[in-house]
Protein chains: 2
Amino acid sequence: MSTKALRKEEEENLLRRADDLCRQNNLRLTPIRERVYRELVQSGGPVGAYDLVDRLSSEKKRLAPVTIYRALDFLRDAGLVHRLATQNSYVISHGQPDVNAMKIMFVDSKTGETIEVHSSEVAEAVRKAAEQAGFRSVSPFMEVEGEIAR
Amino acid sequence: MSTKALRKEEEENLLRRADDLCRQNNLRLTPIRERVYRELVQSGGPVGAYDLVDRLSSEKKRLAPVTIYRALDFLRDAGLVHRLATQNSYVISHGQPDVNAMKIMFVDSKTGETIEVHSSEVAEAVRKAAEQAGFRSVSPFMEVEGEIAR
DNA sequence: TTCTTTTTGATACGTTACTACGTAATATTG
DNA sequence: CAATATTACGTAGTAACGTATCAAAAAGAA
């Protein structure tokens with residue numbers, strides 16, 4: 001089986017899961033939102049908001065930035081997409097809802113490539129550090145810059 | 001002793017340490033750079049680049065954004081200041097050079113307040129997760145959103 | 001259907017960040 | 001010291017990122 005076919009399969013998997021998630025939570029995965037999500041899935045990495053504007057615009061119809069940002073906000077609230085603050089870009093979240101794990105986005109400082117890792121050890125250590133510092137309800141997402149070992 | 005006096009003392013401490021650090025590394029803490037650093041120290045929290053432009057500009061002389069960005073770049077390279085990507089702002093780093101510790105910036109999602117915590121447990125857990133994911137030379141800085149427990 | 005809520009479209013605007021280029025100041029070398 | 005190289009700063013313009021507002025359309029509820 002070709003890589004492309006695998007990708008295609010994985011893509012449909014993610015789409016179906018996103019669809020299910022929204023259905024279960026009474027969220028509406030409208031056409032625009034789905035197109036944005038699909039584009040992020042297909043890209044296989046982080047994409048900037050204005051890149052999405054370009055990619056989802058056709059000759060006749062150019063989408064407004066605000067349209068993309070609204071879709072991204074929706075997807076982020078749904079937990080389907082994560083914003084990479086260090087890169088001003090957005091990536092799909094591969095999260096199986098492992099509630100206790102910290103979702104770490106390792107970001108290659110040079111290329112911008114990301115690898116998502118879930119770690120309950122990190123979650124626990126961060127939780128402890130937060131508690132000592134007087135912090136609560138810590139976000140299950142964080143990003144760490146580094147570089148991919150080749 | 002008043003809080004203000006304590007602050008003043010702490011401020012001078014930080015300034016002196018910054019000065020020493022630059023001297024030791026043959027870096028030039030020029031007037032502009034020192035003013036930016038001092039402003040960040042005095043503010044006691046994260047400040048945006050354009051806020052710094054306003055605060056360091058006088059009636060007669062308005063600093064250009066690029067001047068501030070250059071100073072911030074210098075201070076970041078020197079390890080004196082950290083950029084909060086999630087907030088588009090900048091904070092002083094209270095780093096005693098505990099090389100092995102992860103410098104965690106806890107950021108209050110609502111107020112933007114920050115608390116810096118150093119944790120070698122987190123550093124170790126992140127290092128382990130990075131290694132498994134094929135990542136190297138991980139940044140000693142990360143930020144985590146949450147809220148301050150009152 | 002009518003009413004209400006949610007979503008999208010269109011335009012404009014505000015903030016954040018950087019580039020290009022020339023000048024001034026500061027080291028470094030002969 | 002003078003000549004040169006390096007570093008820092010000033011000015012201007014522009015690119016990238018994100019938001020505000022209001023109107024139109026679509027979806028859901030009564």
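Note that this is a predicted model, so its numbers are computed, not measured. Below, read A as the first sequence line, B as the second, and so on, with proteins coming before strands; counting in each chain starts at 1.
A:L21 and A:L15 end up in the same hydrophobic cluster when Ile, Leu, Val, Met, Phe, Trp and Tyr side chains are linked at under 4.5 Å. A single hydrophobic cluster is seen to contain both A:V47 and A:L75, as judged by linkage of ILVMFWY side chains at heavy-atom distances under 4.5 Å, directly or through other members. When the side chains of ILVMFWY residues are joined at heavy-atom separations under 4.5 Å, either directly or via intervening members, B:V138 and B:V122 end up in a single hydrophobic cluster. Residues B:L52 and B:V81 fall within the same hydrophobic cluster, defined by Ile, Leu, Val, Met, Phe, Trp and Tyr side chains chained together at heavy-atom separations under 4.5 Å.
Between the CG atom of B:N26 and the P atom of D:dT7 there is a distance of 11 Å, given to the nearest Å. Look at CD on B:Q87: it is 13 Å from P on D:dG18, rounded to the nearest Å. Between the CD1 atom of B:I68 and the P atom of D:dC9 there is a distance of 11 Å, rounded to whole Å. Regarding A:L27, its CG atom lies at a distance of 15 Å from the C1' atom of D:dG28, rounded to whole Å. B:L29 places its CG atom 17 Å from the P atom of D:dT7, with the value rounded to the nearest Å. Rounded to an integer number of Å, the gap from B:K60 NZ to D:dG10 P is 15 Å. Rounded to an integer number of Å, the gap from CG of B:L52 to P of C:dT16 is 11 Å. Atom-to-atom, CG of A:D73 to C1' of D:dA20 comes out at 14 Å; the value is rounded to the nearest Å.
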Subject >> Summary of protein contacts for nucleotides 5-15 of chain C, nucleotide by nucleotide, where a base hit scores B, a sugar-phosphate-only hit scores S (4.0 Å, heavy atoms) >> reply: -SSBBBB----
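Phosphate contact (OP1/OP2 of D:dG18, side-chain N/O of A:Y69, threshold under 4.0 Å): present. Contact annotation: A:N88 does not reach the phosphate of D:dA16 (side-chain N/O to OP1 or OP2, under 4.0 Å).
Residues A:S109 and A:E147 form no side-chain contact, since every pair of their non-hydrogen atoms from C-beta on lies 4.5 Å or further apart. Using a 4.5 Å cut-off on side-chain heavy atoms (C-beta onward), B:L27 and B:R33 make no contact.
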